[in-house]
Amino acid sequence: MYNFQNLLKQIRKEGDLTQEELARALDVSTVLISMIETGQKEVSKNFVGKLAEKLDVHPSSIAPFVFTGDADTNLSGVEKKLISVGEQLQAYLIKTKSKRLKKYV
């Protein structure tokens with residue numbers, strides 16, 4: 001499962017956008033996009049909201065992935081299932097919804 005910085009990078013790449021184009025689509029600075037993608041800046045609730053709006057998804061479908069670190073291997077069955085669902089949602093956001101961003105550039 002991707003952490004937020006890698007999820008954002010994958011959405012941007014699948015949408016065939018540069019950092020500058022993504023910044024323009026979200027009405028933020030290119031520096032902010034770069035800092036989020038490199039882990040130098042934590043993502044804000046406002047940023048998640050802007051991204052969700054442009055992807056045409058509810059912010060809560062992105063917000064669960066605002067974490068750092070890898071998943072623990074000592075997870076319960078329910079936790080493993082939730083992570084699996086999260087991975088499927090991430091794949092959907094990357095493959096399907098990322099293309100929507102191009103129209104905002």
Side-chain angles (χ1 to χ4, degrees):
M1 182 180 298
Y2 295 110
N3 60 25
F4 189 85
Q5 69 191 54
N6 291 324
L7 177 63
L8 182 63
K9 190 180 298 184
Q10 291 303 317
I11 288 171
R12 179 177 61 76
K13 287 181 177 181
E14 185 67 26
D16 195 30
L17 298 168
T18 64
Q19 288 182 341
E20 182 179 336
E21 290 170 329
L22 178 59
R24 197 174 10 205
L26 299 177
D27 196 29
V28 298
S29 73
T30 304
V31 171
L32 178 62
I33 298 296
S34 176
M35 291 180 77
I36 291 171
E37 286 188 1
T38 58
Q40 297 175 34
K41 178 125 176 92
E42 290 293 321
V43 67
S44 69
K45 185 177 178 180
N46 185 46
F47 183 89
V48 172
K50 285 181 179 188
L51 180 60
E53 178 184 341
K54 300 301 183 183
L55 292 174
D56 193 28
V57 298
H58 193 276
S60 65
S61 66
I62 297 173
F65 309 110
V66 182
F67 67 90
T68 57
D70 296 321
D72 190 342
T73 56
N74 296 323
L75 300 173
S76 70
V78 171
E79 291 169 317
K80 288 178 184 177
K81 182 66 176 170
L82 286 172
I83 288 172
S84 175
V85 169
E87 289 170 343
Q88 291 171 13
L89 180 57
Q90 285 183 338
Y92 174 74
L93 288 172
I94 292 166
K95 292 292 182 191
T96 306
K97 294 293 187 165
S98 62
K99 306 282 191 243
R100 298 180 60 82
L101 294 170
K102 199 71 161 172
K103 71 180 182 181
Y104 296 105
V105 175

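These figures come from a predicted structure and were not determined experimentally. Residue numbers start at 1 and run along the sequence shown.
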- Return yes when atom NZ of K95 has more than 12 non-hydrogen atoms of other residues, nucleotides or ligands closer than 6.0 Å, and no otherwise. no
- Message: Could you go through L7 and I11, starting from their C-alpha distance and side-chain angles, then the distance that decides it, and tell me whether this counts as side-chain contact (heavy atoms from CB on, under 4.5 Å)?
- Response: CA-CA 6 Å; L7 177 63; I11 288 171; 3.9 Å; yes
- Is any side-chain heavy atom of L8 closer than 4.5 Å to a side-chain heavy atom of L22? yes
- Residues forming a side-chain contact (heavy atoms from CB on, under 4.5 Å) with V31, sequence neighbours excluded: S29, M35
- Message: Side chains of L89 and S61, heavy atoms from C-beta outward: is any pair under 4.5 Å?
- Response: yes
- Message: Test of understanding: with salt bridge (Lys or Arg N to Asp or Glu O under 4.0 Å), list the residues that count as partners of K41, not counting sequence neighbours.
- Response: none
- side-chain contact (heavy atoms from CB on, under 4.5 Å) involving K102 - partner list, sequence neighbours excluded: D16, L17, E21
- Decide yes or no on side-chain contact (heavy atoms from CB on, under 4.5 Å) for L55 and I62, but give the supporting numbers first. CA-CA 10 Å; L55 292 174; I62 297 173; 3.9 Å; yes
- Sequence-distant partners of T30, side-chain contact (heavy atoms from CB on, under 4.5 Å), two or more places apart: Q19, E20, A23
- Closest approach of I94 and E14, non-hydrogen atoms and distance? O-CG, 2.8 Å
- Flag side-chain contact, heavy atom, 4.5 Å: L26 against I33: yes
- Task: Write down the atom of G49, the atom of P59, and the distance for their closest heavy-atom approach.
- Result: CA-CG, 4.5 Å
- Item | ILVMFWY cluster membership beyond Y104 - transitive side-chain contacts under 4.5 angstrom | none
- Message: Nearest 0.5 Å, please: how far is NZ in K9 from CG in N3?
- Response: 9.0 Å
- Message: Test: salt bridge (charged side-chain N to carboxylate O under 4.0 Å, His left out). Region: residues 45-62. Which pairs qualify, not counting sequence neighbours?
- Response: D56-R100
- Query: Do L93 and Y2 come within less than 4.5 Å of each other through their side chains, counting heavy atoms only?
  - Reply: no
- Message: Can you list everything that forms a salt bridge (Lys or Arg N to Asp or Glu O under 4.0 Å) with K81? Sequence neighbours excluded, please.
- Response: none
- Query: Please, which pairs that meet salt bridge (charged side-chain N to carboxylate O under 4.0 Å, His left out) have at least one residue in residues 27-38, sequence neighbours excluded?
  - Reply: R12-E37
- Residues that R24 engages under side-chain hydrogen bond (donor to acceptor under 3.5 Å, both in side chains), provided they are two or more places apart: none
